[in-house]
Amino acid sequence: MKVMLVGEAAREHAIAEAVCRSRFEPKLYAAMKLRNPGIISLCKRTGGEYVTGKTTDPSFIVESAERFHVDFVFVGPEEPLFHGIADALEEAGIPCIGARRAPAELEMSKAFMRRLMWKHGIPGRLRFKAFREVEDAVAYIREYAESVALKPARQVGGKGVKVIADLQAYLSREKAHVKEQHAKIISEEHMKGYTDIEDRILIEEKVEGPEYTLQAFTDGRTVKPFPLVQDNKNAFEMDIGPETGGMGSIAGRGMLLPFITMQEYRRSTEIVKACVRAVEAETGYKYKGVVSGQMMLTAAWGPTIIEFYCRFGDPEAVNVLPILKSDMVELCQAIIDERLNKVKLEFEDIATVVKGIAPKGYPDRRDLAKGHPVVVDEEAVKRKGGRVYYASTDLQPDGTILTGGSRLVEIFAKGKSIPEAGRKAEACIPFVSLADGWGVFYRSDIGSEILLKRRIEQAELVRGVYKYRFRKGLVGKTIEWIPGRGKIVLEA
Ligand code: GLY
């Protein structure tokens, strides 16, 4: 059995490790942009190989898979899928765990995703407007004073989202100015060079509440959800600072987070399932691979889709894959053969915490964060009860590991509770540093009692409102009061 992995982040290191635990004893092959030392060591240990190159280039991936004679390919990140890697592999007769280009649009185009939800009447849909021309977005902003989320219409690595509350009439002009400026930044900077979707700017109604990620495997017929995970996107403690790819994540025992109920988990899964079915109806292609709902508990709907991923989240994958008890290769084969309903998806009953460690400069000045020699004492981390997953790092021919500019490692730890796992992960932090004295940072609050308490309180407030709205038949509806016109009910 030979498996080839595409991608080089901590998520792919965790996928690689889960594949290598299989009873089928696969040889691991990898196609990566950077030389991830964790993945390379697994390739060597299992008798496989790795290549580096442009992982968004279908011919590079197909040629590598053919050269290694692999049984199937697992694609970790989204961009190769947006570039049609799965389609090219399938056409060459090589099965792929990863959505084809058309279904992957669920993540690639936020406007496609919103239109799909409205067309198919899927719960948790937010009101939105998508614009191709920045002038039209600006005209809309000037006309309507609303609290909004402004987003690039395409997935651009999680960057460019700005949420603006617009509640005080006396500040409306100033707020409109901020929104207009950001719409221009989205069009000119974040969407620069992307010509693969029509829309450029998305303006969405603003919602608030605790966020969580529901990751799942699907063969297009069955959707098998993983335990819920909460990622923490802000760079600094207590949710402040610029948005990153994710500074760390938590998962509770069983399938739930301490602030999400079983009913909300089931409803979230139903929403994801409905979208997978709708994607097939819309594109004509079965969705095969990983689908993740990045969700929020909102007052308007309860469980609500903020974005989709056509992949595991990172760091979310690192919470769940190390505790996967089922055989990863068997699961992949079941996806390929469309018999996922016949295979069990089981996990250890344990809480997990993942902490990302990043070089200073990340996320805004990656040029400064790049090229520093990394020192990781993996044995010491193990003694403290943690595990190292290599992220944006590049192994050099002389054995030095250099930072790639993003999070450099993710530390995984498990425990009887989230705070216990958090304390273990925390104890591992001193064993990761940069040899040239350049600083690193991480978030000590992730996995702490205090942050957990804050999330639970926030969820309880939101839950009180959405349950009241359910009882009153107001789910998904917004009631506006416009002076001189009276009450307006906006239906979902
Ligand atoms: N954790 C956020 C992402 O994977 O995009």
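Order of listing sets the numbers, starting from 1, for every ligand and every atom in it. One-based numbering along the sequence shown. Only this structure's heavy atoms are used, side chains among them; waters, hydrogens and symmetry mates stay out.
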query: Any ion pair linking R455 and D239 (charged N to carboxylate O, less than 4.0 Å)?
result: yes
task: Give yes if a backbone or side-chain nitrogen or oxygen of G246 is under 3.5 Å from a nitrogen or oxygen of ligand 1, and no if not.
output: no
Atoms in ligand 1 with a heavy atom of G313 nearer than 4.0 Å: 4 (O)
message: Against the six-membered ring of Y309, is R311 placed for a cation-pi contact (under 6.0 Å from the centre, within 45° of the normal)?
response: yes
- prompt: For ligand 1, which part of R311 has a heavy atom less than 4.0 Å away: the side chain, the backbone, both, or neither?
  reply: side chain
query: Which ligand 1 atoms are under 4.0 Å away from a heavy-atom of K233?
result: 2 (C)
- request: Tell me, please: is G245 in heavy-atom contact with ligand 1, that is, under 4.0 Å?
  value: yes
Ligand 1-proximal atoms of R11, by part, heavy-atom distance under 4.0 Å: neither
Minimum heavy-atom distance W118-L126, with the two atoms named: NE1-O, 2.9 Å
message: Looking at T55 and V6, would you say the former's side chain and the latter's main chain have a donor-acceptor pair under 3.5 Å?
response: no
- prompt: Should the heavy atoms of other residues, nucleotides or ligands under 6.0 Å from NZ of K33 be counted, would the total exceed 12?
  reply: no
- request: Inspect the contact between E270 and R266 and indicate whether a charged nitrogen and a carboxylate oxygen are less than 4.0 angstrom apart.
  value: no
- prompt: Are any of the N/O atoms in D231 less than 3.5 Å from those in ligand 1?
  reply: yes
query: Can you tell which part of F312 has a heavy atom less than 4.0 Å from ligand 1: side chain, backbone, both or neither?
result: neither
